[in-house]
Amino acid sequence: MADAGVVAFLETRLALFFLLQRAYAAPIGAELSGTLRETAVAYGALLDLDLGGPLPDAGPPDEPEFFRLFVGPGRLVAPPYESVYLSPEGVLMQEETEAVRAFYLAYGLEARAKYTEPDDALSLELEFYSRLQKDALAAYQAGDGAEAARLLAGQREFHQEHLRRWVEPFSQRVLDGSANLFYRSLATVTREVVQAEEQVLVSIAAVLA
Amino acid sequence: MKDLFERARELAITRRTLLKASAAAGAAAALSGCTAQPSAFQSPVADKTAKTFRTACPRNCFDTCGQIATVNDKGYLRKVDGDPLHGYTQGRLCVKGYTYVNRAYSPDRIKYPMVQEPRGSGNWKRVSWDEALTRISKKILDIKQRYGTLLPVCLDKYSGNFGIMHWAVEGTLQSMGYYTYALGTPCWPAGLDAQTYDMGTFHNNDPEEMVNTKYLIVWGANPAWNAVHQMDFIVEAQKRGAKLVVVDPIHTSTASKADLYYQIKASTDGALALGMAKWIVENNLHDKAFLDKYTKGWPEFEKYLRETVTLDWASQKTGIPIEGIIELASGYATTKPSMIWMGYGMQRHINGGQNIRAVDALAAITGQIGVSGGGAQYAHLDTWGFNFHVQSFNPPAGSVGVKGADGKYSNRTVNMNNFAAEVQAQKDPPVKMLWIACRNPGSQDPDAADIKKAFASMEMVVVVDQFLNHSVEMADIVLPCTTHFENWDVNVAYWHHWVSINEQAISPMFEAKSDLQIAWALSKKMNELAPGSCTYPTEGKEEEWAGQEFNDGVYKLFGINDWKELKSKPAKAKLWQAAWADRKFTTPSGKYELFSELAQKNGLPPMPTYKEELKNAPEFPIRFLTPHGQHGLHSQFQNIPYMMQTNPEPLLEIHPKLAGVRGIKDGDMVRVFNKLGEVRLKARLTRTVAPDTVVTYEGWYKDSKFNVNFTVAAVPADMGKVAMGNDGISFHDNFVNIERV
């Protein structure tokens with residue numbers, strides 16, 4: 001029997017990761033950033049993290065800052081790709097990208113744009129991570145503890161091998177290179193939430209066991 | 001951490017928020033310009049198998065290398081090597097070629113169509129291809145309606161990609177009407193005309209047969225940096241006993257390999273050649289049989305040499321001691337076969353063409369034209385006989401352009417080498433829109449400040465490029481273009497005699513399109529908005545279009561039956577070993593013309609007599625040379641991280657003597673200025689440059705405003721019109737003053 005508190009926690013966490021994914025996939029407007037703030041505040045309250053407090057509304061979807069930071073043209077302030085931070089060459093489509101693709105494949109997924117967009121884009125990694133969370137939650141609610149544990153192990157491994165290793169330097173580049181309050185706060189939330197996963201994953205594993 | 005979940009039980013977040021959150025996440029992309037897919041994921045389909053592809057470096061370079069691109073089973077480009085079956089490339093690439101993987105996979109690449117509002121603000125946003133093409137098409141249709149012609153739309157396209165398929169850019173504009181385009185070439189036209197006056201056109205020996213020479217003068221070229229594969233043949237010639245001489249205002253890397261090096265004063269090459277010719281004639285070492293049989297105007301030219309030219313004068317002009325001139329002349333005239341290879345820098349002067357004619361004359365006087373291991377080598381276009389099918393679509397019926405005497409309409413041209421001024425000067429009708437592709441006038445054109453003005457005066461500027469260079473910075477819309485690993489192409493060179501097919505090795509990164517794909521897509525949009533407004537096909541298969549560039553002439557020249565054979569091996573043209581071996585020159589007289597009536601008719605000296613070099617104004621006593629660097633090719637490659645690491649900033653090379661007089665120490669910042677503008681550069685003290693000259697290398701550095709052309713005026717060279725439509729540019733007749741900042 002699923003514990004209502006556990007479900008509520010996992011739902012909130014899932015919602016926040018989905019929203020973060022959205023915020024890195026494309027610029028979001030005021031409405032979505034409001035939802036993101038509410039969700040971050042709630043999740044932060046659970047973890048004793050001050051996440052949502054400073055998160056202001058995002059500007060209009062065509063605000064240049066998103067493109068300046070993450071898309072270009074030109075030198076990106078914070079390239080949202082894992083291999084830029086972890087590969088010796090600092091470019092796209094490196095071994096890290098291959099490892100991420102292999103990880104997706106192990107869970108029966110592949111990116112639609114795998115030949116044209118890097119698999120290790122932040123929005124893709126966050127979507128994948130959210131999907132594992134979503135499926136784990138469904139398994140937990142269905143009483144399939146083994147499946148929930150398998151998917152949780154996947155999250156743990158993905159966090160350890162990928163997200164944890166580069167979200168920190170990525171967020172730092174945003175903080176060093178942007179004066180935009182929304183994107184600075186987004187970077188902080190992302191960094192804190194990904195960092196908190198270290199402990200959160202242990203806690204979830206404990207209740208699933 | 002039980003209380004984590006207990007807290008969640010009394011959750012602050014409401015169901016409503018959660019619903020909103022999951023709805024937002026699920027609804028995905030409706031809010032933005034990104035593709036409206038519910039998820040970025042799908043069920044896996046099988047990966048590819050690892051494969052190698054034949055590609056070809058499409059850059060504006062002597063070497064036009066055949067390449068092997070290795071793609072792994074994930075579809076990722078993993079390695080780019082020289083093609084071992086390409087007889088000129090011989091399995092090796094240059095320092096730039098080896099950076100290609102990182103160039104294709106640079107996070108800085110332009111990924112999507114982007115719009116900058118306002119122009120020059122740096123405020124970019126992503127738009128869909130559909131929106132970008134709609135904006136462009138509407139502007140074109142609006143201009144056509146207002147002016148009744150496409151002439152206000154001006155194309156500036158040149159050498160950023162010399163692949164044949166990139167003539168689709170010209171095809172794009174041509175299929176919409178009579179338009180304005182930048183005519184000419186900044187690179188080499190004065191020398192092309194010089195050889196045209198002398199021999200009727202420009203052919204070169206097979207560069208691979210340079211190994212046969214016994215005496216090689218590399219005159220104003222720096223292959224150790226800019227044509228590295230030629231160094232193999234030079235070194236082989238040296239091994240076989242050839243002497244290597246370098247004549248250059250800069251003590252280049254190539255010069256460091258030479259047996260003899262002459263530091264000549266820039267723009268005085270003709271004086272050195274004439275001085276040598278004088279000594280050769282006076283010592284009876286000229287080839288009288290050749291001169292009698294195959295040349296026109298020898299008596300007049302001989303008279304000029306004997307009566308006007310002196311070694312004293314030549315020495316004074318060139319800064320080379322008389323003994324040096326004699327040593328060079330005697331080495332050249334008594335060692336056979338002897339070859340001269342002229343680079344393109346030496347003709348970027350107001351007397352550049354005339355200087356090339358004087359150097360050519362040395363080869364004629366000594367009977368070295370048409371000789372294996374001899375000749376006056378410059379360039380060729382003998383392997384370029386493709387269909388240019390990508391450009392073969394005519395303006396829609398009823399299009400109006402510039403009316404000729406025969407009542408027929410044609411395109412309008414502006415001088416590529418005076419682009420900024422001429423674009424702004426057009427009045428009837430004015431130029432209102434620029435389409436820039438394979439070109440970066442923002443950093444490569446003279447008078448960079450005027451280029452900015454020209455861009456600013458437009459209603460719309462569209463740039464197609466891979467990186468945010470100085471031209472893209474001034475655009476309204478930038479369209480991302482493919483690297484040559486992401487499209488099909490056909491590549492030949494203006495130096496070696498090979499042809500390569502360029503297979504598509506990987507998918508286009510992000511939303512990049514090739515120039516051909518852009519032509520199709522734009523035509524589709526134009527016809528959607530105004531049926532019949534563009535005659536270009538709206539779709540096609542690139543590989544098939546590559547095949548359509550071939551014809552029987554090309555097949556015969558390269559000894560192939562089908563272009564697909566090139567997928568397994570590049571082919572070499574069945575041309576000559578030595579150009580002009582039959583001595584059948586294509587001049588009006590059929591002879592080598594030491595006296596050219598055509599030149600005379602065009603307002604030039606009929607003979608290779610000396611034309612005075614440009615004199616500096618007294619307040620700008622220093623010549624500022626801005627030749628090609630080692631780490632980039634014009635504005636390409638230098639921005640790649642490897643290059644930025646090894647060559648992080650432009651330096652000003654100054655002789656210690658000049659630096660001493662000006663109180664400049666190594667590492668000081670120096671202001672280089674003239675009436676036109678200035679550049680600030682860090683000083684590098686070196687004896688490789690002359691004390692009256694400073695040197696920096698042109699290019700575009702990542703995140704840098706550096707641009708040598710702020711001080712360079714659009715002063716024409718003396719020749720270029722006959723072969724290329726407009727005269728060249730005197731890039732190297734640039735005089736400045738310097739001061740420590």
With a 4.5 angstrom heavy-atom cut-off, which part of [X] approaches chain B: side chain, backbone, both or neither?
| X | result |
| --- | --- |
| Lys114(A) | both |
| Tyr104(A) | side chain |
| Val84(A) | side chain |
| Ser123(A) | neither |
| Arg101(A) | side chain |
| Glu65(A) | neither |
| Ala206(A) | neither |
| Val207(A) | side chain |
| Tyr81(A) | side chain |

Would you say [X] has more than 12 foreign heavy atoms packed within less than 6.0 Å of its [atom1]?
| X | atom1 | answer |
| --- | --- | --- |
| Arg156(A) | CZ | no |
| Glu131(B) | CD | yes |
| Glu31(A) | CD | no |

Report yes if some heavy atom in the side chain of [X] is under 4.5 Å from a heavy atom in the side chain of [Y]; otherwise report no.
| X | Y | value |
| --- | --- | --- |
| Val91(A) | Pro107(B) | yes |
| Arg126(B) | Phe66(A) | no |
| Lys125(B) | Arg68(A) | no |

Restricting to pairs with a member in residues 77-92 of chain A, which pass salt bridge (charged side-chain N to carboxylate O under 4.0 Å, His left out), not counting sequence neighbours? none

[X] and [Y]: which non-hydrogen atoms are nearest, and at how many Å?
| X | Y | result |
| --- | --- | --- |
| Pro73(A) | Leu468(B) | O-CD2, 3.6 Å |
| Gly108(A) | Pro44(B) | O-CD, 3.2 Å |
| Met509(B) | Leu92(A) | CE-CD1, 4.0 Å |
| Ser39(B) | Arg112(A) | O-NE, 2.8 Å |
| Ala45(A) | Arg7(B) | O-NH1, 2.7 Å |
| Tyr105(B) | Gln94(A) | CD1-NE2, 4.2 Å |

Greatest number of heavy atom pairs closer than 4.5 Å to chain A - which of Asn102(B), Asn123(B), Val101(B): Asn102(B)

For the candidates Leu77(B), Ile110(B), Ile506(B), Val45(B), which exhibits the highest count of non-hydrogen atom pairs separated by less than 4.5 Å from chain A? Val45(B)

How about residues 699-706 of chain B versus chain A: which residues have heavy atoms under 4.5 Å apart? Lys702(B), Asp703(B)

Chain A contacts: which residues in residues 637-649 of chain B have a non-hydrogen atom closer than 4.5 Å to it? Tyr642(B)

Chain A contact via [X] - which portion, at a heavy-atom distance below 4.5 Å:
| X | answer |
| --- | --- |
| Phe510(B) | both |
| Lys74(B) | both |
| Asn469(B) | neither |

Classify the ring geometry of Phe5(B) against Phe9(A): parallel below 30°, tilted from 30° to 60°, perpendicular beyond 60°. perpendicular

Could you please state which residues from residues 169-180 of chain A sit under 4.5 angstrom from chain B, measuring non-hydrogen atom to non-hydrogen atom, sorted by number, or 'none'? none

Value for CD (Glu117(A)) from CD (Glu511(B)), rounded to nearest 0.5 Å, stands at 7.0 Å

One option among Leu10(A), Asp119(A), Asp48(A), Leu14(A) has the most heavy-atom pairs under 4.5 Å with chain B, and it is Asp48(A)

Max heavy-atom pairs within cutoff under 4.5 Å with chain B, candidates Leu124(A), Leu105(A), Leu36(A), goes to Leu124(A)

